[in-house]
Amino acid sequence: MAPQDVAIDALLAAGVLCQLLCCVGVLVAHDVFDRLHYAGAGSTLGPLFILASILLAHGLTTPGLQTIAAVGILFVASPIVVHATARAARRMTFGHVSASAEERGERP
């Protein structure tokens, strides 16, 4: 097995492991806000490892460029989706989005 193949396999395994850990975190988290933390983390390190393994395997050919585009969109869109979901969950849980005086650290 060539060193490049070992690197590809290691990067792919690291990416899958990161995604698996984020999935387990979503499963065991207590509330929606904790779940969102793990869901948001699933769009950072794991996809970058997988992107690196695909680029190492295919280079800047069509599969590599398509993967760059997909990970780029994921990297940009995920924080927006997580933020919007957190705002919706806060509105459903507390009836409003703004922080209370207690949450801001003020005395009533």
Side-chain angles (χ1 to χ4, degrees):
M1 189 175 242
Q4 182 177 359
D5 293 336
V6 172
I8 291 169
D9 291 343
L11 286 168
L12 189 59
V16 170
L17 181 64
C18 287
Q19 294 305 101
L20 183 63
L21 288 174
C22 289
C23 289
V24 169
V26 168
L27 286 174
V28 301
H30 296 298
D31 64 357
V32 67
F33 302 105
D34 291 337
R35 289 184 187 109
L36 281 172
H37 171 77
Y38 289 105
S43 66
T44 55
L45 201 54
L48 287 178
F49 281 137
I50 294 170
L51 169 65
S53 71
I54 291 173
L55 286 178
L56 197 57
H58 297 285
L60 289 177
T61 59
T62 301
L65 294 175
Q66 288 174 341
T67 307
I68 290 171
V71 171
I73 291 169
L74 181 66
F75 226 64
V76 170
S78 179
I80 297 167
V81 172
V82 168
H83 181 78
T85 306
R87 286 179 60 90
R90 182 167 175 86
R91 185 175 304 250
M92 289 178 67
T93 304
F94 299 108
H96 55 83
V97 178
S98 59
S100 65
E102 182 182 332
E103 290 171 330
R104 288 191 303 263
E106 300 173 2
R107 294 187 181 185

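Throughout, numbering of the chain's residues begins at 1 and tracks the sequence. These numbers come from the heavy atoms of this one structure, side chains and all, not from hydrogens, waters or symmetry mates.
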Exercise: identify the closest heavy-atom pair between P47 and L74: CG-CD2, 3.5 Å
Spacing of L55 atom CG and I50 atom CD1 [to the nearest 0.5 Å]: 12.0 Å
Which atom pairs, one a donor and one an acceptor, fall under 3.5 Å between side chains of residues 9-22 and the rest of the protein, sequence neighbours left out?
residue: Q19; atom: NE2; partner: G42; partner atom: O; Å: 3.1

Side-chain heavy atoms of Y38 within contact of V28, under 4.5 Å: no
Closest non-hydrogen atom pair between H30 and R35, with its separation: O-NH2, 3.9 Å
Side chains of L48 and T44 in contact at under 4.5 Å (non-hydrogen atoms): no
What pairs of donor and acceptor atoms, side-chain ones from residues 76-95 against any protein atom, are under 3.5 angstrom apart with sequence neighbours left out?
residue: S78; atom: OG; partner: S43; partner atom: OG; Å: 2.8
residue: T85; atom: OG1; partner: V81; partner atom: O; Å: 2.7
residue: R90; atom: NE; partner: V97; partner atom: O; Å: 2.9
residue: R90; atom: NH1; partner: E103; partner atom: OE2; Å: 3.4
residue: R90; atom: NH2; partner: S98; partner atom: O; Å: 3.3
residue: R90; atom: NH2; partner: E103; partner atom: OE1; Å: 2.5
residue: R90; atom: NH2; partner: E103; partner atom: OE2; Å: 3.3
residue: T93; atom: OG1; partner: A89; partner atom: O; Å: 2.7

Euclidean distance, I54 CD1 relative to L51 CG, rounded to 0.5 Å: 7.0 Å
Show me the side-chain donor-acceptor pairs of residues 57-72 shorter than 3.5 Å, one per line, residues at least two apart or across chains.
residue: T61; atom: OG1; partner: H58; partner atom: O; Å: 3.0
residue: T67; atom: OG1; partner: P63; partner atom: O; Å: 2.7

